[in-house]
Amino acid sequence: MSAHAHGHEHDHDHDHHGGACSMPSFDNRELILREDILNRARELANLITTAEEVNVYQQAEKRIQSHERVQGLIVQIKKKQKELVAFQNTFKNPAMVEKIEAEISVLQDELDGIPIVQQFQQSQVDVNYMLQSIISIIRDTVSEKIDVEAAKPAEAPEQCD
C-alpha cells in the first residue's frame, strides 16, 4: 500500500464537537480584541482627556495638592483612621473607637467645607458622569445594532459553512 492510500482518511477537517454552524465561544482570558477596535478606543480615550470636564478636574486636583490646609487635614484624617483601626482590632476599645470616629467626622466636615475641595468633588462627579454617558451610548448602540441584526431572517444551516 502507498502512503497516499493510508493518509487519505485524515487529510480533511473534522468537527467532532457539533455541526458546522456551532457558535465560537470565548474565554475572557483568551479573547483578543481586534487591533482596529483597540486603536479606536485609545483615540476616544485621548479625545476624552481633552474635554473641559477633565481639564477642570486636573486644575482642581493641582489646587488641592498645593493647598496646605487641605493637605494638613488629609494627613490628620489618615492618622486618625489608623488609630481607629488599632482601637477596633488590636485594643478592642469601643469607647475610643467612638471618640476617634467623632474626631474624624469633625475633620472630614471641615475638609468638605473648603470651597476648592467642593470644586474638586464636583469635578470628579462631572468626569464620572461623562464617562458613564459614553459607556451607555456605546452599550446602547451595540445593543440596538445586535437587536436589528437579530431581527433579520436567519440563514439556513446549509449556508453557514
Side-chain angles (χ1 to χ4, degrees), residues 15 17-19 21-155 160:
D15 185 351
H17 303 291
C21 296
S22 63
M23 290 289 292
S25 64
F26 299 100
D27 183 304
N28 283 349
R29 291 162 297 185
E30 296 170 10
L31 184 60
I32 298 170
L33 290 174
R34 280 178 21 198
E35 197 59 36
D36 59 336
I37 295 173
L38 291 175
N39 287 338
R40 285 297 179 96
R42 288 184 195 105
E43 285 174 25
L44 180 59
N46 286 329
L47 188 60
I48 289 167
T49 64
T50 67
E52 183 59 25
E53 293 87 345
V54 174
N55 183 40
V56 169
Y57 169 81
Q58 289 172 322
Q59 295 304 317
E61 187 178 37
K62 282 179 188 169
R63 285 195 298 274
I64 289 247
Q65 288 170 346
S66 61
H67 193 284
E68 284 183 37
R69 182 66 189 136
V70 169
Q71 292 305 311
L73 284 166
I74 291 171
V75 167
Q76 282 182 277
I77 291 169
K78 285 181 178 176
K79 185 176 172 223
K80 294 278 180 197
Q81 287 170 335
K82 286 180 184 172
E83 289 175 15
L84 183 66
V85 170
F87 280 106
Q88 281 173 329
N89 301 337
T90 309
F91 306 124
K92 311 271 192 226
N93 185 331
M96 280 302 290
V97 166
E98 200 172 306
K99 179 180 181 293
I100 295 167
E101 281 175 341
E103 291 170 356
I104 291 173
S105 181
V106 168
L107 292 169
Q108 189 66 54
D109 287 347
E110 184 180 343
L111 183 64
D112 291 342
I114 297 172
I116 67 159
V117 173
Q118 293 169 349
Q119 290 164 7
F120 177 69
Q121 290 168 338
Q122 184 58 51
S123 72
Q124 282 181 311
V125 169
D126 294 344
V127 168
N128 283 331
Y129 178 77
M130 179 185 66
L131 292 173
Q132 289 304 316
S133 297
I134 291 165
I135 290 166
S136 294
I137 290 166
I138 292 170
R139 184 192 60 231
D140 294 349
T141 304
V142 170
S143 292
E144 192 177 287
K145 178 85 172 145
I146 290 170
D147 289 344
V148 169
E149 298 278 329
K152 291 180 182 174
E155 292 182 339
C160 46

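- One finds the CG atom of N89 at 8.5 Å from the CG atom of L84 (value rounded to the nearest 0.5 Å).
- Identified under the side-chain hydrogen bond (donor to acceptor under 3.5 Å, both in side chains) test for residues 94-109, with sequence neighbours left out: K80-E103, K99-E103, Q108-D112.
- Residues satisfying the side-chain contact (heavy atoms from CB on, under 4.5 Å) criterion with I134, sequence neighbours excluded, are L44, I48, M130, I138.
- The list of ring pair (Phe, Tyr, Trp, His ring centres under 6.0 Å) pairs with a residue in residues 82-114, not counting sequence neighbours, reads F87-F91.
- Counting only heavy atoms from C-beta outward, the side chains of Q59 and N55 approach each other to under 4.5 Å.
- Here the NZ-OG1 distance, from K92 to T90, works out to 7.5 Å after rounding to the nearest 0.5 Å.
- Within the structure, salt bridge (Lys or Arg N to Asp or Glu O under 4.0 Å) pairs that include any residue of residues 62-78 comprise R69-E110 (at least two apart or interchain).
- By the side-chain contact (heavy atoms from CB on, under 4.5 Å) test, N39 is found to be paired with E35, R42, residues two or more places apart in sequence or in another chain being considered.
- Annotation: side chain of L38 is not in contact with side chain of R34 (no heavy-atom distance under 4.5 Å).
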Can you list the steps and then say if I64 with E61 is a side chain to side chain contact (heavy atoms under 4.5 Å, CB included)?
CA-CA 5 Å; I64 289 247; E61 187 178 37; 5.6 Å; no
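- By the side-chain contact (heavy atoms from CB on, under 4.5 Å) test, D126 is found to be paired with E53, Q122, residues two or more places apart in sequence or in another chain being considered.
- In this structure, I114 and Q118 have side chains that are not in contact, with every pair of non-hydrogen atoms separated by 4.5 Å or more.
- For the atom pair CG of L47 and CZ of R40, the computed distance is 11.5 Å after rounding to the nearest 0.5 Å.
- Identified under the salt bridge (Lys or Arg N to Asp or Glu O under 4.0 Å) test for residues 131-147, with sequence neighbours left out: K145-E149.
- Among residue pairs with one or both ends in residues 45-71, those qualifying as ring pair (Phe, Tyr, Trp, His ring centres under 6.0 Å) are Y57-F120; sequence neighbours excluded.
- Q65 contributes atom CD, which lies 9.0 Å from atom CD1 of I74 (distance to the nearest 0.5 angstrom).
- Across all non-hydrogen atoms, the minimal contact from V54 to T49 is CG1-O, 3.6 Å.
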